[in-house]
Trainee: 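One structure is given below, represented as structure tokens, and several questions about it will come after.
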Amino acid sequence: MYDIAIIGGGPGGYVAAEKAGKKGLKTILFEKKDLGGVCLNEGCIPTKTLLYSAKLYDQARKSEKYGLHVEGAELDYKKMVDRKTKVMRKLVAGIGLRMKNAAVEVVKAEALIEGRTEEGTLRIAAGEATYEAKNLLICTGSETFIPPIAGLDMEGNEAIVTSREMLALKEAPASLIVIGGGVIGMEFASLYNSLGAEVHVVEMLPEILGAMDAEVSVMLRAQYAKKGVQFHLSCRVTRIEGHCVTFADSEGVEHIVEGDKILVSVGRRANTRGYGLETLGVELERGAIKVDEKMCTNVPGVYAAGDVTGLSMLAHTASREAEVVINNLCGHPDAMRYDAIPGIVYTNPEVAGVGLTEAQAQQQGIDYDCHKLPMAYSGRFVAENEGGEGLCKVIVDKGSGRIVGVHMLGNPCSEIIGTACIAIEQGMTIEQLERVVLPHPTVTEILKETISN
């Protein structure tokens, strides 16, 4: 008998398992593939590994701006992919070691929920064995959503790929069509643009990165347009034939673009099928598992965390949601908050944001001030980003003086945004942030420069 069984070994599942094990709970973790989930094996880590190689390639080709001359800079895509694989294997092995150190039993098999026993415990079958647990945490993640587009045949057309197949490519495509200008789509557009591919981005919305700050999104698109990426906004894909994508613009006029690969990247949907969830009567909402602030489902003893809840499909959100579950099980009251969940786009330059955008503040009827400053106000940014453009925006609730949103464009804002997360999570005012001593020279100083502007 286990205190808790966890289905899914991604950022929610393995974090919950480690925390539960270290707190003395008898824990079992089911994962049918490799530990780490989509993030480590098919998403976050492999893409960032490749993007870092692409960034170095960009820097080598533009090194003369920094007083250096790198002659004949060339890329070796196979070595890039090999390094990506090495990084993934190292991290997967690391998670395995963490499970061992936390005394977590890991079962590498597909789990199937069979229901409750007469005693009320939860029964799960995996492989040739059956297991029982007092509590169940579902961390089954999400999968790429495949839209109903004529000719979109994932099996019969090798040109059509999702992010999973893109990461498995042995050769870089000479041309790429990205259907969907969200975070994943833009990261792949960035990667292959840096590697010299012709890139088209087809997006239904009027702007890329719909969930991010609109002004920052416009600036990023403008920079990539200068780099040669071709954007087709407010356009709806009508059909795919071979390597050709046909789309209609806002006036209904059809256009055709051709590419070696066609990346489908229009979103993800929760994995709620195929593992017996229906045997427990777990309530769904908009195709995802419905949970409260403690990640409880409508079924006692059954919890959910991560993408399967549909609330915030990000690895770091999943990990925090998992912590909430284990803390409560161990008698430490905790609740999930979504006010300070950061979002990052690892393009070059990077985009990062946390809290409310201006549009969201307006929708909520918040009377706010928006402090803005070019990143060039940071000496460190100027020193390390020759000719680079960037922006820092801080949104402040006028009534309370609290910081409710921070949005940035420019390297390395993925590392800076953590400071803004703390400020928003702790309900800091601009006066309180102004009293914090930040190291000089760092790009993080732009936060104080901006609120003082």
Side-chain angles (χ1 to χ4, degrees), residues 42-43 46-47 50-51 53-54 57-58 61 74-78 80-81 144-210 217-218 220-268 345-348:
E42 301 173 4
T47 54
L50 292 175
L51 281 164
S53 293
Y57 183 52
D58 283 338
R61 290 181 299 157
E74 297 181 356
L75 68 92
D76 187 328
Y77 192 74
K78 182 180 182 302
M80 288 174 58
V81 172
T144 300
F145 172 67
I146 305 300
I149 298 172
L152 205 172
D153 183 0
M154 296 298 300
E155 300 296 330
N157 187 347
E158 64 178 14
I160 303 174
V161 294
T162 66
S163 57
R164 178 189 295 114
E165 291 81 31
M166 283 296 295
L167 290 168
L169 293 179
K170 301 301 182 184
E171 296 181 359
S175 55
L176 173 66
I177 303 169
V178 181
I179 301 176
V183 175
I184 296 173
M186 280 306 302
E187 288 184 349
F188 277 105
S190 169
L191 170 62
Y192 289 102
N193 171 256
S194 292
L195 302 188
E198 177 186 330
V199 178
H200 291 262
V201 176
V202 184
E203 170 56 53
M204 284 187 64
L205 297 176
E207 191 51 77
I208 62 170
L209 303 178
S217 298
V218 169
L220 181 73
R221 176 171 55 82
Q223 292 194 30
Y224 270 93
K226 289 180 181 179
K227 295 179 180 182
V229 175
Q230 300 180 58
F231 293 93
H232 310 280
L233 305 180
S234 299
C235 292
R236 180 176 58 87
V237 175
T238 55
R239 64 183 179 276
I240 298 173
E241 297 174 307
H243 290 257
C244 296
V245 173
T246 301
F247 58 88
D249 62 24
S250 57
E251 298 180 353
V253 179
E254 287 197 334
H255 307 265
I256 299 176
V257 290
E258 184 175 359
D260 290 340
K261 292 295 179 183
I262 301 167
L263 172 62
V264 180
S265 180
V266 296
R268 300 184 66 83
V345 191
Y346 292 86
T347 46
N348 186 19

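These values consider heavy atoms only, across backbone and side chains, with no hydrogens, waters or symmetry-generated copies.
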Trainee: As an exercise, state the distance from OG of S234 to CG of D249, rounded to the nearest 0.5 Å.
Mentor: 9.0 Å
Trainee: Looking at every non-hydrogen atom in both residues, tell me the closest pair between P46 and L167 and how far apart they are.
Mentor: CG-CD1, 3.8 Å
Trainee: Could you tabulate the donor-acceptor pairs under 3.5 Å formed by side-chain atoms of residues 152-162, not counting sequence neighbours?
Mentor:
{"unit_1": "D153", "atom_1": "OD1", "unit_2": "E155", "atom_2": "N", "d": "3.1"}
{"unit_1": "D153", "atom_1": "OD1", "unit_2": "G156", "atom_2": "N", "d": "2.9"}
{"unit_1": "D153", "atom_1": "OD2", "unit_2": "G156", "atom_2": "N", "d": "3.3"}
{"unit_1": "N157", "atom_1": "OD1", "unit_2": "A159", "atom_2": "N", "d": "3.0"}
{"unit_1": "N157", "atom_1": "ND2", "unit_2": "G242", "atom_2": "O", "d": "2.8"}
{"unit_1": "T162", "atom_1": "OG1", "unit_2": "R164", "atom_2": "N", "d": "3.4"}
{"unit_1": "T162", "atom_1": "OG1", "unit_2": "E165", "atom_2": "OE1", "d": "2.5"}

Trainee: If you compare all heavy atoms of V178 against all heavy atoms of G185, which two are closest, and at what distance to 0.1 Å?
Mentor: CG1-CA, 3.6 Å
Trainee: Of all the heavy-atom pairs spanning D260 and S175, show the shortest one and how long it is.
Mentor: N-OG, 2.9 Å
Trainee: For atom NZ of K227, decide whether the heavy atoms of other residues, nucleotides or ligands shown that lie under 6.0 angstrom number more than 12.
Mentor: yes
Trainee: Are the side chains of Y77 and L195 in touch, meaning some heavy atoms are under 4.5 Å apart?
Mentor: yes
Trainee: For a quick test of reading the model, state the closest non-hydrogen atom pair linking G259 to I177 and the distance between them.
Mentor: N-CD1, 3.4 Å
Trainee: Between V229 and F231, is any pair of side-chain heavy atoms under 4.5 Å apart?
Mentor: yes
Trainee: Regarding E254 and R239, does a basic nitrogen lie under 4.0 Å from an acidic carboxylate oxygen?
Mentor: yes
Trainee: Do Y346 side-chain atoms and V183 backbone N/O form a donor-acceptor pair below 3.5 Å?
Mentor: no
Trainee: Applying salt bridge (Lys or Arg N to Asp or Glu O under 4.0 Å), which residue pairs with at least one partner in residues 189-200 are found, sequence neighbours left out?
Mentor: none
Trainee: Would you name the heavy atoms of A189 and V199 that are closest together and state the gap between them?
Mentor: CB-CG1, 3.8 Å
Trainee: Going through the distances and angles, do L169 and K261 end up as a side-chain contact (heavy atoms from CB on, under 4.5 Å)?
Mentor: CA-CA 10 Å; L169 293 179; K261 292 295 179 183; 3.9 Å; yes
Trainee: Decide side-chain contact (heavy atoms from CB on, under 4.5 Å) for V257 and Q230; before the verdict, give the C-alpha distance in whole Å, the side-chain angles of both, and the deciding distance to 0.1 Å.
Mentor: CA-CA 10 Å; V257 290; Q230 300 180 58; over 6 Å; no
Trainee: Could you pull out the closest heavy-atom pair between L75 and Y57, with the gap in Å?
Mentor: CD2-CE2, 3.5 Å
Trainee: Please output the side-chain donor-acceptor pairs of residues 202-209 that fall under 3.5 Å, not counting sequence neighbours, one pair per line with the distance.
Mentor:
{"unit_1": "E203", "atom_1": "OE1", "unit_2": "G181", "atom_2": "N", "d": "2.6"}
{"unit_1": "E203", "atom_1": "OE2", "unit_2": "L205", "atom_2": "N", "d": "2.9"}
{"unit_1": "E207", "atom_1": "OE1", "unit_2": "R221", "atom_2": "NE", "d": "3.2"}
{"unit_1": "E207", "atom_1": "OE1", "unit_2": "R221", "atom_2": "NH2", "d": "2.8"}
{"unit_1": "E207", "atom_1": "OE2", "unit_2": "R221", "atom_2": "NE", "d": "2.7"}

Trainee: With a 4.5 Å limit on heavy-atom distance, are the side chains of I179 and I262 in contact?
Mentor: yes
Trainee: Show me the pairs that pass ring pair (Phe, Tyr, Trp, His ring centres under 6.0 Å) and involve residues 179-203, at least two apart or across chains.
Mentor: H200-H232
Trainee: Got a sec, which residues hit side chain to side chain donor-acceptor pair (under 3.5 Å) with S194, two or more places apart in sequence or on another chain?
Mentor: D58
Trainee: Of all residues at least two apart in sequence or in a different chain, which pass the side-chain contact (heavy atoms from CB on, under 4.5 Å) check with E258?
Mentor: H243, C244
Trainee: Could you tell me whether the side chain of V245 reaches within less than 4.5 Å of the side chain of I149, counting heavy atoms only?
Mentor: no
Trainee: Take F247 and I240, measure what side-chain contact (heavy atoms from CB on, under 4.5 Å) needs, and give me the verdict at the end.
Mentor: CA-CA 9 Å; F247 58 88; I240 298 173; over 6 Å; no
